[in-house]
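What follows is one structure encoded as structure tokens, with my remarks underneath.
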Amino acid sequence: MKRIKNFILTLILALGAVSCVSKLAYTEPDLQLPEKFQYTATADTASIANLEWKQFFSDPILQGLIEKGIKNNYDLQIALKQVASSQEKLKQAKYLQYPDVGFGVSAQISKPSENSMNGKSLNSFLGQNHVEDYNAAFNLSWEADIWGKIKNQQEVSRMQYLQTYEATKAIQTQVVAAIAQGYYNLLMLDKQLNIAKSNLELSSNTLSITEKMWQSGDTTSLGVQQATAQKQSTELLITQLEQNIAIQENALSILVGENPTKINRTIEMSDTSLPQNISAGLPAAMVSRRPDVRQQELVLLESNSMVGIAQANMYPALKITASGGVNSFKIDNWFQIPASLFGSVLGGITQPIFQKRQLKTDLNVAKIQREKNVLAFRQSVLNAVGEVSDALVSNESLKVQEQKAAEQVSTLKNGIKSAEMLYKGGMANYLEVITAQGNSLQAELNLASVKRQRLSSIVDLYRALGGGWK
């Protein structure tokens, strides 16, 4: 008996030693990252993504909206519930290495044929034609983690938990960016509404002058009609802008998890400020910072562990089962201790031989899935670098566009003054005045749009670099 115990103990220790080296090593794929982002002068290690969102967005109103969004946004709340669910599974995975223990109580009565050997034996030894069996026992089952299968299963649960955590961070970056862009769009609409109202005043003055000139015979009724149409066009634009403002306020309210309501604004778009030093940092740092890229790498790590599990399933398994409790063929002495006590231990090694190629197929499929996830990880990195590059080139281009649009607005405003003076002096017709006013209106609306696009491009860069979850 002692020899058997020593043999089993030695076998477990030997197989356990093998399991320590059974886990597949993970090698990070070659991502072929550039040394620096395109459209950047130098490879600067600093990055705006290292700033917390409260440092990046200094507007108190916008900060309040973002705080509400992080607290109340339903997509974020759902993601947090998923994290909590994965956390519970992770806790359960820590117990995979422990044995399964159960307790069962059973009672059985069987009556064999009187002409059978069992039937005749019962009558001879027990003096009855049936047998009773009453059992109450603890049952234990344990599988030694010889090839690291359980460790890999635990690693899968850990990777799945971390994926949900990174997914939550990714959603927060999207929510923060969406709130900021919605807020800047609202400020743009406010600016365009003010521009349209100012232009309406100019159109009303032009119409008044044209009507007086028509009454004095210095112009035709066509001039009055054109000036009226110009004023009506501006009134229509004001109505459309007011509608867009209300819709944008509703969208922002829903984004922060509230019923549609008005959004208070205390500043204009020209007063907004974002960090002036727009540094992107290094691509390698972006990969480790950006949640969605990190999540895809965790998927790859999970698939690496799945290969280990599929491989371990092909090797021998050591299982130990044990049971112990009380057993009796009479109910009245069922719990007589120690007479009714029993116990049994069984240990065995099983090696799968032929399972219709299922195990080999599972291993090959797991390896192919790992290869797919390597490609998906590389693609996520490439897309992230592309998004940063797009945001950088957009920001640089919009700087120039904003300057040119501002110059155009200044030129056309001076043109309005000249056209009005010439019109009053009879040296220009009403069409020139209306055209000048219309061109100036469109230029000012375009300048507001370009300013909003530039703000959005900076927010896009902040998100693309992995900022917004801190």
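None of the values given here were measured: they were computed from a predicted structure.
- In terms of modelled atom types and a separation under 3.5 Å, the side chain of E52 and the main chain of K470 share no donor-acceptor contact.
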Between side-chain atoms of residues 329-337 and protein atoms elsewhere (two or more places apart, or another chain), which donor-acceptor pairs fall under 3.5 Å?
residue : atom : partner : partner atom : Å
N333    : OD1  : S328    : OG           : 2.4
W334    : NE1  : Y134    : O            : 3.3

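- For the pair I238/K197, a side-chain contact is recorded, criterion being any heavy-atom separation below 4.5 Å from C-beta on.
- You'll find the side chain of Q153 reaches within 4.5 Å of the side chain of I309, heavy atoms only.
- The CD1 atom of I349 lies 5.0 Å from the CG atom of L318; values are rounded to the nearest 0.5 Å.
- Counting only heavy atoms from C-beta outward, the side chains of L241 and L237 approach each other to under 4.5 Å.
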Inset, instruction - Could you walk me through whether K54 and E67 pass the side-chain contact (heavy atoms from CB on, under 4.5 Å) test, one step at a time? - result: CA-CA 9 Å; K54 285 188 177 180; E67 283 182 349; 3.0 Å; yes
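- In this structure, the side chains of V400 and Q403 stay at 4.5 Å or more apart for every pair of heavy atoms.
- Heavy-atom minimum distance, R454 versus N395: NE-OD1, 3.5 Å.
- For the residue pair N185 and Q181, no side-chain donor N or O sits within less than 3.5 Å of a side-chain acceptor on the partner.
- With rounding to the nearest 0.5 Å, the separation of CG in D145 from CG in N152 is 8.0 Å.
- Side-chain N or O atoms of W147 include one that pairs as donor or acceptor with a backbone N or O of P316 at under 3.5 Å.
- Counted within 6.0 Å of CD on Q77, heavy atoms from surrounding residues, nucleotides or ligands total more than 12; the atom is thus considered enclosed.
- Screening residues 284-293 for side-chain hydrogen bond (donor to acceptor under 3.5 Å, both in side chains) gives N50-R289, R290-D292, R290-E387 as the qualifying pairs, with residues at least two apart or on separate chains.
- With sequence neighbours left out, E143 forms a salt bridge (charged side-chain N to carboxylate O under 4.0 Å, His left out) with K149.
- The minimum heavy-atom distance between A137 and N135, with the atom names listed, is CB-ND2, 3.8 Å.
- Atom-to-atom distance recorded for L200:CG and I195:CD1 is 13.5 Å, nearest 0.5 angstrom.
- Remark: the backbone N or O of V450 is not paired with any side-chain donor or acceptor of E402 at under 3.5 angstrom.
- The OG1 atom of T168 lies 11.0 Å from the CD1 atom of I78; values are rounded to the nearest 0.5 Å.
- When every heavy atom of E132 is checked against every heavy atom of I109, the shortest pair comes out as CG-CG1, 4.0 Å.
- L252 and I179 make their closest contact through CD2-O, 3.6 Å (heavy atoms, listed as atom of the first residue, atom of the second, distance).
- Distance check, rounded to the nearest 0.5 Å: CD1 of I70 to CG of L65 gives 11.5 Å.
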Stepwise side-chain contact (heavy atoms from CB on, under 4.5 Å) test for L298 and Y165:
CA-CA 11 Å; L298 291 169; Y165 181 66; over 6 Å; no
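- N446 places no side-chain N or O within 3.5 Å of a backbone atom of Q442 that could act as its donor or acceptor partner.
- Electrostatic pairing of E444 and K191 does not count as a salt bridge here, judged by no charged N lying under 4.0 Å from a carboxylate O.
- Looking only at side-chain heavy atoms (C-beta outward), E166 and K169 come within less than 4.5 Å of each other.
- Side-chain contact annotation: T164 with Q160, donor-acceptor N/O pair under 3.5 Å absent.
- For the atom pair CE of M306 and CZ of R370, the computed distance is 12.0 Å after rounding to the nearest 0.5 Å.
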- [ ] Begin with the C-alpha distance, continue with both residues' side-chain angles, and end with the deciding distance and a verdict on side-chain hydrogen bond (donor to acceptor under 3.5 Å, both in side chains) for E249 and S253.
- [x] CA-CA 6 Å; E249 286 180 325; S253 298; over 6 Å; no
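- Annotation for W53 and G468: closest pair CD1-O, 3.9 Å, computed over non-hydrogen atoms.
- Residue pairs satisfying the side-chain hydrogen bond (donor to acceptor under 3.5 Å, both in side chains) criterion with at least one member in residues 84-109, sequence neighbours excluded, are absent.
- A heavy-atom distance below 4.5 Å is found between the side chains of V459 and Y184.
- S397 places no side-chain N or O within donor-acceptor distance of the main-chain N or O of S394, the cut-off being under 3.5 Å.
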- Message: Before you tell me yes or no, could you show the steps for K451 and L447 under side-chain contact (heavy atoms from CB on, under 4.5 Å), namely the whole-Å CA-CA distance, both residues' side-chain angles and the distance that decides it to 0.1 Å?
- Response: CA-CA 6 Å; K451 285 183 177 179; L447 175 59; 4.1 Å; yes
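- Not a single ring pair (Phe, Tyr, Trp, His ring centres under 6.0 Å) links F342 to another residue, sequence neighbours left out.
- With hydrogens and angles disregarded, no donor-acceptor distance shorter than 3.5 Å links the side chain of Y183 to the backbone of I61.
- Residues Q296 and L300 fail the side-chain proximity criterion, which asks for heavy atoms closer than 4.5 Å.
- In this structure, the side chains of L301 and F377 stay at 4.5 Å or more apart for every pair of heavy atoms.
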>> Does V307 form a side-chain contact (heavy atoms from CB on, under 4.5 Å) with L363? I'd like the steps, not just the answer.
In response: CA-CA 6 Å; V307 172; L363 178 59; 4.1 Å; yes
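- Without hydrogens or angle criteria, S449 side chain to L445 main chain gives no donor-acceptor distance under 3.5 Å.
- What you find for T321 and S141 is that their closest heavy atoms are CG2-OG, 4.0 Å.
- Proximity of a side-chain donor or acceptor of N73 to a complementary backbone N or O of L255 within less than 3.5 Å is detected.
- Among residues two or more places apart in sequence or in another chain, the salt bridge (charged side-chain N to carboxylate O under 4.0 Å, His left out) test is passed with D460 by none.
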